[in-house]
2 protein chains.
Amino acid sequence: MDTEKYTGILRENGMKVTPQRLEVLRFLDENRIHPTADDIYRTLKKDNPSLSKTTVYNVLDILSKYGLVEVLTISGTESRYDYGSTRHQHFLCTSCGRIVDIHIKGLCMDCMPEKGHKVEEVHGYFKGTCRDCLKGIGG
Amino acid sequence: MDTEKYTGILRENGMKVTPQRLEVLRFLDENRIHPTADDIYRTLKKDNPSLSKTTVYNVLDILSKYGLVEVLTISGTESRYDYGSTRHQHFLCTSCGRIVDIHIKGLCMDCMPEKGHKVEEVHGYFKGTCRDCLKGIGG
DNA sequence: TATTACATTGTAATCATTACAGATTAGGTA
DNA sequence: TACCTAATCTGTAATGATTACAATGTAATA
Ligand SMILES: [Mn+2]
Ligand SMILES: [Mn+2]
Ligand SMILES: [Zn+2]
Ligand SMILES: [Zn+2]
């Protein structure tokens, strides 16, 4: 179950290790689908019946505070969670609702010199119809 | 009160003209601060006591459906509304909560060729601390 | 002016997220 | 190993933005 991997990640970042944190972290690592808190909750609940949704929110909150997960607010109705990794952009399919990773250049921290604002995060996102939906095989 | 201007805009786009739509449109045009639905509601309510918040949502909904306003979902907690105009990006100040317009190049519809997705909207947004807050004069 | 489809209003419902208080536990210490 | 305690987890209730709905009002057309 590769518990050691996630235990190490939590320890290295100065977080206490709990079964709930390990499970959420593992889920995010193994399911790069930008899930909602409820997605995570419903899935993990099956094997962890005592899991509380509040705990899922708490874990996601601390993981994002420590920079391990990024919170996406593209859809407008609910937050999506993205497990760390390299900088990339996102494409929201308005047909199937999926969020697809996009890797493009042209977005950088140095893009806005003159204004004098201090940029801490750069997000690029796109909306449209994904390839699968265009082909009629989308969700 | 420049009613004719907004009457014309609504008519040209095939929408019925109502006092509520004129007021919301005028507010958005004259207050380019990316207000929330509640911002709009509270302000307009002063001079239009019978205004309903549902109406504000309805008007914003139809205006966005007709492409006159853009819905921003940067903050994650509430939608912000941006009156048409030219393509630009946004900067969310995590200190004062304001959303500032940013005009940069490097974002275009042609950025993602290989994936095969059909791009209908391109958004770029940034988070950080705005110039005013850096200077200690922010909200 | 009469008609009618559409818009507005107020209230209630929904849904994601947060607040809170009591029970549990991780990690340290003897 | 057996405690200790602050941190975490859990369940429930509260919050707040948004939406659903039904009754009332009105813009556009003839
Ligand atoms: Mn991603
Ligand atoms: Mn803007
Ligand atoms: Zn799709
Ligand atoms: Zn600021």
Side-chain angles (χ1 to χ4, degrees), chain A residues 3-4 6-25 27 34-66 68-69 71-81 97 99, chain B residues 3-4 6-25 27 34-42 44-45 47-66 68-69 71-81 97 99:
Chain A
T3 295
E4 295 156 36
Y6 304 108
T7 299
I9 293 174
L10 290 172
R11 287 244 167 80
E12 288 161 19
N13 286 273
M15 279 175 272
K16 274 194 178 178
V17 178
T18 70
Q20 294 84 354
R21 290 178 182 181
L22 290 172
E23 285 299 307
V24 170
L25 197 51
F27 181 85
H34 314 99
T36 66
D38 194 61
D39 290 335
I40 300 167
Y41 171 71
R42 288 201 324 277
T43 304
L44 297 185
K45 183 84 173 174
K46 294 172 188 166
D47 289 322
N48 309 269
S50 71
L51 181 66
S52 166
K53 189 180 279 189
T54 299
T55 297
V56 174
Y57 277 106
N58 287 341
V59 171
L60 291 170
D61 192 51
I62 194 175
L63 290 177
S64 75
K65 279 201 171 70
Y66 280 77
L68 291 187
V69 310
V71 185
L72 306 181
T73 59
I74 302 182
S75 87
T77 57
E78 61 208 347
S79 292
R80 307 286 202 102
Y81 300 88
I99 292 182
Chain B
T3 295
E4 295 156 35
Y6 304 108
T7 299
I9 292 174
L10 291 173
R11 286 244 167 78
E12 288 161 19
N13 285 274
M15 279 174 272
K16 274 194 179 178
V17 178
T18 70
Q20 293 85 352
R21 291 177 181 182
L22 291 171
E23 285 300 308
V24 171
L25 198 50
F27 181 86
H34 315 99
T36 65
D38 194 61
D39 290 335
I40 300 167
Y41 171 71
R42 288 201 325 275
L44 298 184
K45 182 84 172 174
D47 290 321
N48 309 269
S50 72
L51 180 66
S52 165
K53 188 179 279 190
T54 299
T55 298
V56 174
Y57 277 106
N58 287 341
V59 171
L60 292 169
D61 192 52
I62 193 174
L63 290 177
S64 74
K65 279 201 172 70
Y66 280 77
L68 291 186
V69 311
V71 185
L72 306 180
T73 58
I74 301 182
S75 86
T77 57
E78 61 208 347
S79 292
R80 308 287 203 102
Y81 300 88
I99 292 181

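In what follows, chains carry the letters A, B, and so on, assigned in the order in which the sequence lines appear, proteins first and then strands, with residues in each chain numbered from 1.
At the heavy-atom level, B/Asp38 lies nowhere under 4.0 Å from the strands shown. At the heavy-atom level, B/Ser79 lies under 4.0 Å from the strands shown only through sugar-phosphate atoms.
Rounded to a whole Å, the OH atom of A/Tyr41 is 14 Å from the C1' atom of C/dA16. Computed from coordinates, the A/Asp61 CG to C/dT17 P distance equals 12 Å when rounded to whole Å. One interatomic measurement links the two molecules: CG of A/Asn58 to P of D/dT8, which rounds to 9 Å at whole-angstrom precision. Protein atom CD of A/Glu23 is 12 Å distant from nucleotide atom P of D/dT10, rounded to whole Å. If you take CZ of B/Arg42 and C1' of D/dG16, they are 13 Å apart, rounded to a whole angstrom. Remark: P of C/dA7 and CG of B/Leu25 are 15 Å apart, rounded to the nearest angstrom. Look at CG on B/Leu60: it is 11 Å from P on C/dT8, rounded to the nearest Å. Distance, B/Leu72 CG to D/dT18 P: 12 Å, rounded to whole Å.
Residue B/Thr55 has its side chain nearest to C/dT9 when only C/dT9, C/dT17, D/dT10 are considered. Taking only side-chain atoms of A/Glu78, from C-beta outward, the nucleotide of D/dT18, C/dG27, C/dT17 with the closest atom is C/dT17. Of the candidates D/dT18, C/dA16, C/dA26, the closest approach to any side-chain atom of A/Pro19 belongs to C/dA26. The side chain of B/Ile62 sits closest to C/dA7 out of C/dA7, D/dT18, C/dT8.
Atom-to-atom distance recorded for B/Glu23:CD and B/Leu44:CG is 6.0 Å, nearest 0.5 angstrom. Rounding to the nearest 0.5 angstrom, the gap separating the CD atom in A/Gln20 from the OG1 atom in A/Thr55 is 6.0 Å. We find the CG-OG1 distance between B/Leu25 and B/Thr18 to be 10.0 Å, quoted to the nearest 0.5 Å.
Ranked by how close their nearest DNA chain D nucleotide is to the 5' end, B/Thr18 and A/Thr18 are led by A/Thr18. Nearest-nucleotide mapping onto DNA chain C: of B/Arg21 and B/Lys45, the residue sitting toward the 5' end is B/Arg21. Of the residues near DNA chain D, B/Lys16 and B/Tyr81, the one whose nearest nucleotide (by heavy atom distance) lies more toward the 5' end is B/Tyr81. Heavy-atom nearest nucleotides on DNA chain C were determined for B/Ser50 and for B/Gly76, and the one closer to the 5' end corresponds to B/Ser50.
Distances shorter than 4.0 Å separate none of the side-chain N or O atoms of B/Thr77 from OP1 or OP2 on C/dT17. At D/dT26, none of the side-chain N or O atoms of B/Gln20 fall inside 4.0 Å of OP1 or OP2 (strictly under the cut-off). The phosphate of C/dG27 (OP1 or OP2) has a side-chain N or O of A/Arg11 nearer than 4.0 angstrom.
Under the 3.5 Å distance criterion, the side-chain polar atoms of A/Lys45 are matched with a main-chain donor or acceptor of A/Leu51. Not one N or O on the side chain of A/Thr73 forms a donor-acceptor pair closer than 3.5 Å with the backbone of B/Ser75.
A/Arg21 approaches A/Lys16 most closely through the heavy-atom pair NH1-O, 3.0 Å.
With hydrogens and angles ignored, a donor-acceptor pair under 3.5 angstrom links the side chain of A/Thr54 to the base of D/dT12.
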